[in-house]
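To start, the structure under review is shown below, and the notes come after it.
Small disclaimer: the values here were computed from a predicted structure and weren't measured.
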Amino acid sequence: MATAPRRFFRCACFCSENLYVARYGLHVRFRGEQQLRRDYGPVLRSRGCVSPKDFEQLLEEDVSLAPEFLAAAEYSTLPGADLEGLLQRLETVSEEQRIYRLPVFTPPFCQALLEELEHFEQSDMPKGRPNTMNNYGVLLHELGLDEPLVTPLRERFLQPLMALLYPDCGGGGLDSHRAFVVKYAPGQDRELGCHYDNAELTINVALGKTFTGGALYFGGLFQAPSALTKPLEVEHVVGQGILHRGGQLHGARPLGTGERWNLVVWLRASAVRNHLCPMCGRKPDLVDDEGFGDGFTREEPPTVDVCVLT
């Protein structure tokens with residue numbers, strides 16, 4: 001029997017355990033401002049990080065994930081972690097519909113990401129549509145941010161959170177994703193009709209800029225006959241992520257003024273979707289695709305190496 005090609009991986013510490021502060025020549029672990037001051041204050045001061053302004057610049061330049069998000073994710077990995085304890089560390093938008101919110105990215109990181117997105121948007125590099133519903137935005141893999149940003153975000157932080165919040169929706173087995181940024185602006189997309197996602201779970205993070213309107217609205221699950229009788233509206237907060245089930249009907253109200261950019265990650269669990277495609281409601285008829293495809297997998301039969309037999 002021939003063995004499958006060897007796969008190589010990275011450690012999920014990318015976003016929090018091995019941050020290199022070039023200005024001070026130091027690798028740090030980050031769980032929040034107080035932890036950073038406590039663990040690295042003396043050595044940072046010895047290397048020139050002396051004033052409050054120095055420390056403020058350090059946080060702005062080298063920290064991407066919000067302390068609240070790091071704390072919630074870290075709690076979720078503890079042996080005794082449970083749903084009740086996790087809910088104390090995030091906002092419950094709707095207990096009935098199981099919609100939650102918490103800070104994910106720091107404001108400086110949102111600003112830096114927006115600048116990269118705008119540079120890419122203005123470039124002549126080839127660009128695909130984020131999905132079949134939005135006309136304006138960026139696929140994260142085209143920007144080169146899928147592997148260094150979204151994969152560790154899913155594996156290291158989102159999966160333990162989702163395992164406690166949505167164990168019945170594959171939250172503990174998220175093994176692929178589709179990540180994209182959507183843009184709403186005058187003369188471009190201004191709203192989005194009611195739909196559900198090609199995902200088991202979704203996180204939607206507001207990146208900016210300055211805008212009015214554009215709130216998300218939620219109904220029930222798409223299988224429910226009266227799913228949009230009393231929609232729930234949720235306003236965007238820059239840096240904060242809204243967590244919901246992929247099958248939850250939702251849409252975006254019309255943009256009033258300004259520009260709105262949001263990072264959306266469709267989180268997928270092959271153990272769930274391999275049995276039933278969420279789009280057609282049938283056993284998936286698999287065809288080859290690139291990257292993560294639509295998150296389906298199949299058991300490949302073992303191959304026989306003829307050279308070994310002969």
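A pairwise comparison of heavy atoms in Glu142 and Gly128 identifies OE2-N, 2.9 Å as the closest pair. Residue Gly241 comes nearest to Ile203 through the heavy atom pair CA-CG1, 4.4 Å, listed as atom of the first residue, atom of the second, then distance. When all heavy atoms of Pro186 and Leu255 are compared, the closest pair comes out as CD-CD2, 4.1 Å. For the pair Ala215 and Glu233, the tightest heavy-atom approach, listed with the atom from each and the gap, is CB-OE1, 4.2 Å. Here the closest non-hydrogen pair linking Cys110 and Ala206 is SG-O, 4.2 Å. Between Val234 and Ile242, the closest heavy-atom pair is CG1-CD1, 3.6 Å.
Note: Leu87 CG to Thr92 OG1 = 4.5 Å, rounded to the nearest 0.5 Å. Gln97 CD to Phe218 CZ: the interatomic distance, rounded to the nearest 0.5 Å, is 8.0 Å. Taken to the nearest 0.5 Å, the CG atom of Asp82 stands 6.0 Å off from the CD atom of Glu84. Interatomic distance, CD of Gln159 versus CG of Leu153, reported as 12.0 Å (0.5 Å rounding). If you take CG on Leu113 and CG on Leu263, they are separated by 7.0 Å, rounding to the nearest 0.5 Å. Here Leu216 contributes atom CG and His244 contributes atom NE2; the two are 7.0 Å apart, rounded to the nearest 0.5 Å.
Judged by distance alone, the side chains of His177 and Asp146 do bring a donor and an acceptor atom under 3.5 Å apart. Side-chain contact of Arg129 with Asn131: a donor-acceptor pair under 3.5 Å is absent, judged by distance alone.
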(request) Would you please test Gln34 and Arg37 for side-chain hydrogen bond (donor to acceptor under 3.5 Å, both in side chains) and show each step? (result) CA-CA 5 Å; Gln34 290 185 346; Arg37 289 182 181 275; over 6 Å; no

(request) Run the numbers on Asn262 and His236 for side-chain contact (heavy atoms from CB on, under 4.5 Å), then give the verdict. (result) CA-CA 9 Å; Asn262 283 60; His236 296 281; 3.3 Å; yes

(request) List the steps, then state whether side-chain contact (heavy atoms from CB on, under 4.5 Å) holds for Leu243 with Thr202. (result) CA-CA 6 Å; Leu243 313 174; Thr202 296; over 6 Å; no

(message) With side-chain contact (heavy atoms from CB on, under 4.5 Å) as the criterion, how do Val150 and Val265 come out once you've worked through the C-alpha distance, each side chain's angles and the decisive distance to 0.1 Å?
(response) CA-CA 8 Å; Val150 185; Val265 185; 4.0 Å; yes

(request) Show your reasoning for whether salt bridge (charged side-chain N to carboxylate O under 4.0 Å, His left out) applies to Arg298 and Asp288. (result) CA-CA 11 Å; Arg298 72 170 139 214; Asp288 290 334; 3.7 Å; yes

(message) One pair to check against side-chain contact (heavy atoms from CB on, under 4.5 Å): Tyr75 and Leu86. What are the steps and the verdict?
(response) CA-CA 7 Å; Tyr75 169 80; Leu86 177 57; 4.0 Å; yes

(message) Would Glu118 and Lys209 count as a salt bridge (charged side-chain N to carboxylate O under 4.0 Å, His left out) here? Give the steps.
(response) CA-CA 12 Å; Glu118 290 184 309; Lys209 298 180 174 179; 2.4 Å; yes

(request) For the pair Arg273 and Glu200, evaluate salt bridge (charged side-chain N to carboxylate O under 4.0 Å, His left out) and give the outcome as yes or no after the intermediate values. (result) CA-CA 8 Å; Arg273 62 181 38 228; Glu200 276 62 65; 3.0 Å; yes

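By the 6.0 Å and 45° rule, Arg190 does not stack over the aromatic ring of Tyr184. Arg154 forms a cation-pi arrangement with Phe292, by the criterion of a distance under 6.0 Å to the ring centre and an angle within 45° of the ring axis.
Under the 30°/60° scheme for interplanar angles, the aromatic rings of Phe69 and Phe157 are found to be tilted.
Counting only distance, with no hydrogens or angles, the side chain of Asn274 and the backbone of Phe296 share no donor-acceptor pair below 3.5 Å. Counting only distance, with no hydrogens or angles, the side chain of His195 and the backbone of Gly193 share a donor-acceptor pair below 3.5 Å. Using a distance-only test at 3.5 Å, with no hydrogens or angles considered, a donor-acceptor pair links the side chain of Arg89 to the main chain of Gly85. At distances below 3.5 Å, not a single donor-acceptor pair connects side-chain atoms of Thr106 with backbone N or O atoms of Ala66. Between the Asp197 side chain and the Ala199 main chain, no donor and acceptor come within less than 3.5 Å of each other. A donor-acceptor distance shorter than 3.5 angstrom exists from the side chain of Arg268 to the backbone of Asn198, with no hydrogens or angles considered. When atom types are taken as modelled, the side chain of Glu91 and the backbone of Arg101 share no donor-acceptor pair closer than 3.5 angstrom. Distance alone, capped at 3.5 Å, places no donor-acceptor pair between the Tyr100 side chain and the Glu95 backbone. Side-chain atoms of Arg178 come within 3.5 Å of backbone N or O of Pro130 as a donor-acceptor pair.
Leu139 and Leu207 end up in different hydrophobic clusters when Ile, Leu, Val, Met, Phe, Trp and Tyr side chains are linked at under 4.5 Å. Under a hydrophobic clustering in which Ile, Leu, Val, Met, Phe, Trp and Tyr are joined whenever their side-chain heavy atoms come within less than 4.5 Å, directly or via other members, Met125 and Phe180 fall into different clusters. Under a hydrophobic-cluster definition in which Ile, Leu, Val, Met, Phe, Trp and Tyr are linked whenever side-chain heavy atoms come within less than 4.5 Å, directly or via other members, Leu114 and Leu149 are assigned to the same cluster. Residues Leu70 and Leu36 are members of one and the same hydrophobic cluster, defined by side-chain heavy-atom contacts under 4.5 angstrom among Ile, Leu, Val, Met, Phe, Trp and Tyr. Two different hydrophobic clusters hold Val272 and Leu201 under the rule that ILVMFWY side chains link at heavy-atom gaps under 4.5 Å.
Centroid-to-centroid, the aromatic rings of His250 and Tyr217 stay 6.0 Å apart or farther.
The number of heavy-atom neighbours closer than 6.0 Å to CG of Asp168, taken from other residues, nucleotides and ligands shown, is above 12. The neighbour count for Glu96 CD, taken as heavy atoms of other residues, nucleotides or ligands under 6.0 Å away, does not exceed 12.
Within the 4.5 Å cutoff, the side chain of Val205 has heavy atoms near those of the Phe105 side chain. Counting only heavy atoms from C-beta outward, the side chains of Arg282 and Cys277 never approach each other to under 4.5 Å. The shortest side-chain heavy-atom distance between Val264 and Val181 does not fall under the 4.5 Å cut-off. Side-chain contact between Gln188 and Lys183 is present, with heavy atoms from C-beta onward closer than 4.5 Å. Residues Leu221 and Gln248 have side chains in contact (heavy-atom distance under 4.5 Å, counting atoms from C-beta outward).
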